[in-house]
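Worksheet: one structure, shown below.
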There are 2 protein chains.
Amino acid sequence: MDDKALQLSNQVCFPIYSASRLITRAYKPYLDEMGITYPQYLVLMVLWESDNVSVNQITQKLLLNTNTVSPLLKRMEKLELIERNRSIEDERIVIVQLTEKGNLLKGQAKPIPENLLKIMLNENINLSEILQLKEMLNEWIEILSENNKN
Amino acid sequence: MDDKALQLSNQVCFPIYSASRLITRAYKPYLDEMGITYPQYLVLMVLWESDNVSVNQITQKLLLNTNTVSPLLKRMEKLELIERNRSIEDERIVIVQLTEKGNLLKGQAKPIPENLLKIMLNENINLSEILQLKEMLNEWIEILSENNKN
DNA sequence: TACATTTATGTCGCACACGATATAAATACA
DNA sequence: TGTATTTATATCGTGTGCGACATAAATGTA
């Protein structure tokens, strides 16, 4: 493998790292209006799609660890966006439920995807390319999730 | 714009966010051996390419703010990887310089890109696709950096 | 049934990121 | 020359991420 190929991982990993941070920044003005952060928005999206899920189900959907999600949910409970209750059948499980406030934010969040897409689509970037990028990232996510288990 | 297109930003932004974290995790075992973190590795790569650069130059290359980089460099100085000295010509500027230890890590870091590439390349992902993804991310980084200035 | 193991969640400590703000040096300009 | 502004860096507070570890409930098994 030649030097150019060797440098490739840096040339791809760093842009992913940078793009991730810049995207979070791009979301910020919209999320600020709602008083939430990007990870909190992700949790809400999970709950808007299906409410009353366990902490574990949230960690799996977001590919995060419980030591990240637990404090995150704690802050969201303080913001009165969600409630946390132990399951009756299995006392180990905590069920997360949207409050009325958390539910209402769904409407306020509606224009966010369109606004983001406007920023990210331009004359040099078309939809089919984006779809291809999405496929590739998901491929990597699968590989890296698998890789991380061992 | 239809609903599918609207959801696209979520379908791309979240994978970028996840991939970024998973990539950092993939680097971790190699960086652990060197006693550094991924952002510290990025700073070292900047310095290995050209030593004696200002804090500001590092923030620009890594697209990070000084309030992230300053503490990062402070920790790296404590690890004796770098030294920080005020410029004589302009006392506001802090020049960052590799120590012998920081320089020696360059050799130890050499196999990292190849190892990462081995993880990220498989039968479903080829080089040309990766190059295309890289171009696209850089396009977005440019857009989002510009977008963030206002 | 008693005890080891697994599962689900949580806490703690540390290292980022970043908005808001501070400080000192350099520069602009009245 | 004196003062306002800009520039470079740093500090503080808050919110993630995550490794290491803790705890309690459920499950497996001798």
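Naming convention: chains lettered A, B, ... in sequence-line order (proteins, then strands); numbering from 1 in each chain.
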Rounded to whole Å, please give me the gap between [atom1] in [X] and [atom2] in [N].
X: A:Y17; N: C:dA17; atom1: OH; atom2: C1'; result: 8 Å
X: A:R21; N: C:dC18; atom1: CZ; atom2: C1'; result: 10 Å
X: B:L73; N: D:dA8; atom1: CG; atom2: P; result: 16 Å
X: A:E77; N: C:dT9; atom1: CD; atom2: P; result: 14 Å
X: B:K28; N: C:dC16; atom1: NZ; atom2: P; result: 11 Å
X: B:L72; N: C:dA17; atom1: CG; atom2: P; result: 8 Å
X: B:L64; N: C:dC18; atom1: CG; atom2: P; result: 6 Å
X: A:N67; N: D:dG19; atom1: CG; atom2: P; result: 7 Å

(request) Check each residue of residues 79-100 of chain A for a non-hydrogen atom within less than 4.0 Å of any atom in DNA chain D, then write out the ones that pass by number, or none. (result)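 Contacting residues: A:E89, A:D90, A:E91, A:R92.
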(request) Identify, residue by residue, the members of residues 31-63 of chain B with a heavy atom below 4.0 Å from DNA chain D, and return them in order of residue number, or none. (result)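 Only B:S54, B:V55, B:N56 qualify.
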Looking only at side-chain N and O atoms, does [X] come under 4.0 Å of OP1 or OP2 in [N]?
X: A:S70; N: C:dG10; result: yes
X: B:K74; N: C:dA15; result: no
X: A:R75; N: D:dT14; result: no

(message) Distance check, rounded to the nearest 0.5 Å: A:L72 atom CG versus A:Q40 atom CD?
(response)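 A:L72 atom CG to A:Q40 atom CD measures 5.5 Å (nearest 0.5 Å).
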(message) According to side-chain contact (heavy atoms from CB on, under 4.5 Å), who are the partners of B:D32, at least two apart in sequence or on a separate chain?
(response)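 With sequence neighbours excluded, B:D32 shows a side-chain contact (heavy atoms from CB on, under 4.5 Å) to B:K28, given in chain and number order.
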Return all side-chain donor-acceptor pairs below 3.5 angstrom for residues 134-142 of chain A, not counting sequence neighbours, or 'none' if the list is empty.
unit_1 : atom_1 : unit_2 : atom_2 : d
A:K134 : NZ     : B:Q11  : OE1    : 3.2
A:N138 : ND2    : A:K134 : O      : 3.3
A:E139 : OE2    : B:N124 : ND2    : 2.9
A:W140 : NE1    : B:M120 : O      : 2.6

(request) Ignoring the backbone of A:T68, work out which of C:dC12, D:dT16, D:dA10 is nearest its side chain. (result)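 Nearest nucleotide to the side chain: D:dT16.
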(message) Mind checking if A:N65 touches a base, just sugar-phosphate, or nothing, with heavy atoms under 4.0 Å?
(response)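 Here A:N65 touches the backbone only, sparing every base.
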(request) Examine B:R21 relative to B:Y17 and say whether NZ or CZ is less than 6.0 Å from the centre of the six-membered ring and inside a 45° cone about the ring axis. (result)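 Yes, cation above the ring, under 6.0 Å and within 45°.
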All N/O donor-acceptor pairs, side-chain side in residues 58-66 of chain B, below 3.5 Å, sequence neighbours left out:
unit_1 : atom_1 : unit_2 : atom_2 : d
B:T59  : OG1    : B:N56  : O      : 2.6
B:T59  : OG1    : B:N56  : OD1    : 3.4

(request) Kindly check if the number of other-residue, nucleotide or ligand heavy atoms within 6.0 Å of CD (B:Q108) is above 12? (result)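 Count over threshold, so yes.
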(message) Would you say NZ of A:K101 has more than 12 non-hydrogen atoms from neighbouring residues, nucleotides or ligands within 6.0 angstrom?
(response)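 Yes, NZ of A:K101 has more than 12 neighbouring heavy atoms, counting only those of other groups under 6.0 Å.
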(message) Students often mix this up, so state it plainly: with edges at 30° and 60°, are the rings of A:W48 and A:Y41 parallel, tilted or perpendicular?
(response)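 Rings of A:W48 and A:Y41: perpendicular, over 60°.
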(message) So, using ring-ring contact (aromatic ring centres under 6.0 Å, His included) as the criterion, who are the partners of A:Y30 when residues are at least two apart?
(response)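 Once residues adjacent in sequence are excluded, A:Y30 has no partner under the ring-ring contact (aromatic ring centres under 6.0 Å, His included) criterion.
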